[in-house]
4 protein chains.
Amino acid sequence: MNATVQKRLLEVRLLAMDVDGTLTDGTLFYTEEGHAMKSFFVRDGMGIVLLHRIGIRTALISSETSPILTTRAKKLGIHHTFLGCVHKDLVLKELAQKENLSLEQIAYIGDDINDISALKIAGISCCPSDAHPDVKGIVDYIAPSPGGKGAVRDICDAILALKNQVSANLWSDK
Amino acid sequence: MNATVQKRLLEVRLLAMDVDGTLTDGTLFYTEEGHAMKSFFVRDGMGIVLLHRIGIRTALISSETSPILTTRAKKLGIHHTFLGCVHKDLVLKELAQKENLSLEQIAYIGDDINDISALKIAGISCCPSDAHPDVKGIVDYIAPSPGGKGAVRDICDAILALKNQVSANLWSDK
Amino acid sequence: MNATVQKRLLEVRLLAMDVDGTLTDGTLFYTEEGHAMKSFFVRDGMGIVLLHRIGIRTALISSETSPILTTRAKKLGIHHTFLGCVHKDLVLKELAQKENLSLEQIAYIGDDINDISALKIAGISCCPSDAHPDVKGIVDYIAPSPGGKGAVRDICDAILALKNQVSANLWSDK
Amino acid sequence: MNATVQKRLLEVRLLAMDVDGTLTDGTLFYTEEGHAMKSFFVRDGMGIVLLHRIGIRTALISSETSPILTTRAKKLGIHHTFLGCVHKDLVLKELAQKENLSLEQIAYIGDDINDISALKIAGISCCPSDAHPDVKGIVDYIAPSPGGKGAVRDICDAILALKNQVSANLWSDK
C-alpha cells in the first residue's frame with residue numbers, strides 16, 4: 001500500500017462493502033426451493049467489529065435481495081444495508097448524504113463489474129485478491145486475501161494499523 | 001485462445017452448459033433424505049446475465065434430474081433446461097433445431113466424459129481448467145478457471161471481449 | 001503406478017472405500033441438531049458408475065453411522081454399505097467371503113489411521129493425495145487427487161485404463 | 001518444533017481449543033433465519049478421540065454462543081465447552097482450577113486476536129497455519145495445517161508422537 005493510499009485510508013469514516021464475492025467467496029448455495037445459504041468468514045466479521053470500536057461506520061451495498069444479508073448485518077452491527085442495488089454509485093451518494101460525509105471519507109470494496117460505478121467515486125476503492133480483472137484494473141488497492149477469506153479483514157487491519165490501534169487491546173478493553 | 005477459436009467464438013449465438021463440475025465445482029451436498037444442495041458461483045451468474053444483454057441465448061444440459069437446476073436457471077433467465085440427458089449430442093441437435101441455429105453457432109462447455117459426445121459436435125467446445133483429462137484432451141479451449149469458480153465466466157468474458165463489449169457499461173446502461 | 005501395482009490392480013474384482021476423507025474431503029456439516037450433511041464429488045460418482053458397467057463390485061466401509069452414506073450408496077448403486085465399523089480388516093474379510101472373492105481381488109482406499117488394518121490386508125491399498133501421513137507411508141498407491149476431489153475417480157480410471165476401456169464409449173453405449 | 005516446545009508439549013494434560021477458524025476453517029453458513037451450520041474436519045475429530053485414549057483432557061473455548069459447538073463437543077466426548085467467552089485468559093484460569101492443573105499443563109490453540117490473552121498464559125500456545133498475523137507472531141508453535149483442515153490434528157499427532165504412541169494401535173486396541 002503506497003503513501004497516497006495510506007493517507008486517503010486514514011481519512012476514512014465509513015467502509016461500504018459489496019457482499020457476494022467480497023464478504024463471501026461468491027458461493028451461492030441452492031436448494032430446490034431457491035437460494036438457501038451464503039457463507040461468511042469469521043475473521044472478516046472480527047475486523048468489522050473492531051472498526052466499530054474505533055467509531056468507523058459500515059454499510060452493505062448489494063445487487064442481491066436476500067434477507068441473509070440483513071441477518072448477517074444485524075449480527076455484526078453493520079449500520080446500513082442496501083439490497084437490490086443496480087446503480088451502486090447512486091446508493092453510495094445517498095449513503096454519504098445520510099451519514100453527512102463526503103465521498104472522500106468513504107472506502108468501498110467490491111469484486112465484480114457491477115461494483116465499478118461505486119469504486120470509481122469512493123474516496124478509496126479496494127477489491128479482493130480474486131476480483132474480476134476489470135475491477136482489479138481500476139482500484140486503488142487490491143487486498144492480499146480473496147473474497148470471503150480475509151479481503152475485508154485486510155482493509156480493516158490496514159485502517160487499524162494506520163491509526164496505531166492494537167487489535168488485541170481493542171478486544172480486551174471491552 | 002488462438003485466432004481460429006476466436007473466429008468461431010465470434011459466430012456463437014447460444015452457449016450450452018453442463019451443470020455439475022462446470023457451473024458448480026462438482027460438490028453434491030447430501031442430507032439423510034438425499035441430494036439437498038448445489039453451490040453456484042456469483043461471478044458465473046453475472047457472465048450469463050451479460051451474455052443475455054447482447055442477445056446470446058443459453059441452455060443447461062445435465063444428466064442429473066435435480067429441480068435445483070431449474071431453480072438456478074430461472075433466477076438467471078437461462079432459456080432452456082434439459083435434465084436427465086444421457087446422450088447429450090442428441091439434445092444439442094434438438095436444441096439447435098428448436099432455436100433455428102446450426103451446430104456451428106453453439107458453444108458447449110462441460111467437464112466429464114458424458115459431455116464428450118456434445119463437445120465433439122458443438123461449433124466450439126470448452127471445459128473448466130480442472131475438467132477430466134479425457135475432456136481436456138479433445139476441447140477447442142480450456143478455460144483458465146475451474147468449474148464453479150469462473151470457467152463459465154471466462155467463456156462469457158471471451159465472447160464479450162471479441163464483440164468489443166465493456167461489461168461495466170452493459171450493466172450500467174440497464 | 002509401477003508394474004507390480006498395475007498387475008495387482010488388473011486382478012481387482014471389488015473396490016472397497018472409506019467415506020469421510022476419501023469419498024468426501026473430510027468436511028462434516030453440523031447444525032444445532034447434529035451432523036446434517038456430507039458433500040460428495042460428482043466425478044467420483046461417475047467413476048463408480050463406470051466401474052459397475054464393467055462388472056466391478058463396490059462397497060463402503062465407514063466407522064460413522066450416518067444414513068447419509070446409505071443415501072449416497074443407493075444413488076450410485078454401490079453393492080454393500082457397512083456402517084459403524086471399528087475393525088475394518090474384519091469387515092473386509094467378511095465382505096470377501098460374502099462376495100466369494102479372495103482378499104487379493106479387493107482394492108481398498110482410505111485416508112486415516114482407522115483404515116490401516118484394512119489397507120494392510122487388501123490386495124491393493126490406496127489413499128487420497130491428502131491422506132494422513134501414517135496412511136501414505138504404508139499404501140501401494142497414492143492417488144494424485146485429494147479425498148472428495150477425485151481420489152476415488154483416479155483409482156476407477158486406473159482400472160478402466162488397464163482394461164483398455166474408453167470411458168466415453170462405456171457411457172454412450174448405455 | 002524445537003526441543004523446548006517438545007519438552008513443554010510432553011507436560012500437557014489438557015488441550016483447550018478455539019472453535020471458529022481453528023476447529024473450523026472460519027466459514028459461517030447463514031440462512032435467512034441466522035447462523036445455520038458450521039463445518040468440522042473428520043481427521044481433527046480423530047485426533048481428539050486419540051488424545052482421550054491416552055488420558056489427555058480437552059476443552060472448547062469460544063466467543064460464539066452457537067449450540068452447534070455443544071453438539072460437536074458431545075459427539076467427540078470433549079470434556080468442557082465454554083461459550084460466549086470475551087476474556088479467554090480468565091476462562092483458561094477457571095478451567096485450570098476446575099481440572100486441578102497448572103497453566104503450564106495446558107496447551108491452547110486459537111487463530112484470531114480474541115485468542116491472544118489465552119495464548120499468552122497457556123503452557124504452550126499454538127495456531128493454525130492460516131491464523132491472523134498478530135497470532136502467528138506470538139505463539140510457541142504454528143501448526144503446518146490450516147484451521148478446520150488438520151491444525152488440531154497436527155497438535156494431537158505431535159503429542160502422540162512425543163509419547164511414542166502409534167495411532168493405528170491406539171485405535172485397534174479399543
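Numbered from 1 within each chain, the chains take letters A, B, ... in sequence-line order. Treat the numbers as computed from the prediction; the structure is a model and nothing was measured. Below, each value reflects all heavy atoms present in this structure, side chains not excepted, and no hydrogens, waters or symmetry copies.
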Verify whether the ring centers belonging to D/F29 and C/F29 lie closer than 6.0 Å. yes
Would you mind checking which part of D/A36 comes under 4.5 Å of any heavy atom in chain C, side chain (CB onward), backbone (N, CA, C, O), both or neither? backbone
Top contributor to chain C contacts, counting heavy-atom pairs under 4.5 Å, from D/T27, D/T70, D/D25, D/D157: D/D157
Proximity breakdown for C/E33 and chain D, heavy-atom pairs closer than 4.5 Å: backbone
If I measure from the heavy atoms of chain D, does C/D130 come under 4.5 Å with its side chain, its backbone, both, or neither? both
Assess whether a salt bridge exists between C/D44 and C/R72, defined as any Lys/Arg side-chain N lying under 4.0 Å from an Asp/Glu carboxylate O. no
Would you confirm whether C/E99, through its side chain, and C/A96, through its main-chain N or O, come within 3.5 Å as a donor-acceptor pair? no
Apply side-chain hydrogen bond (donor to acceptor under 3.5 Å, both in side chains) to the pair C/S117 and C/H87, showing each step before the final yes or no. CA-CA 7 Å; C/S117 69; C/H87 300 288; 5.9 Å; no
Per-residue contact mode, D/L69 against chain C (heavy atom under 4.5 angstrom): neither
Note: C/I155 and C/A143 closest approach over all heavy atoms is CD1-CB, 4.2 Å
Closest-packed option against chain C by number of heavy-atom pairs under 4.5 Å, given D/K74, D/K149, D/R153: D/R153
Side chain, backbone, both or neither: which part of C/D89 has a non-hydrogen atom closer than 4.5 Å to chain D? neither
Check whether C/D134 gets within reach of chain D through its side chain, its backbone, both or neither, counting any heavy atom under 4.5 Å. side chain
Measure C/T24 against the heavy atoms of chain D and call it side chain, backbone, both or neither at under 4.5 Å. neither
Check this for me: does any side-chain nitrogen of one of C/E64 and D/K75 sit under 4.0 Å from a carboxylate oxygen of the other? yes
Side chain to side chain, D/I138 and D/K120, heavy atoms closer than 4.5 Å: yes
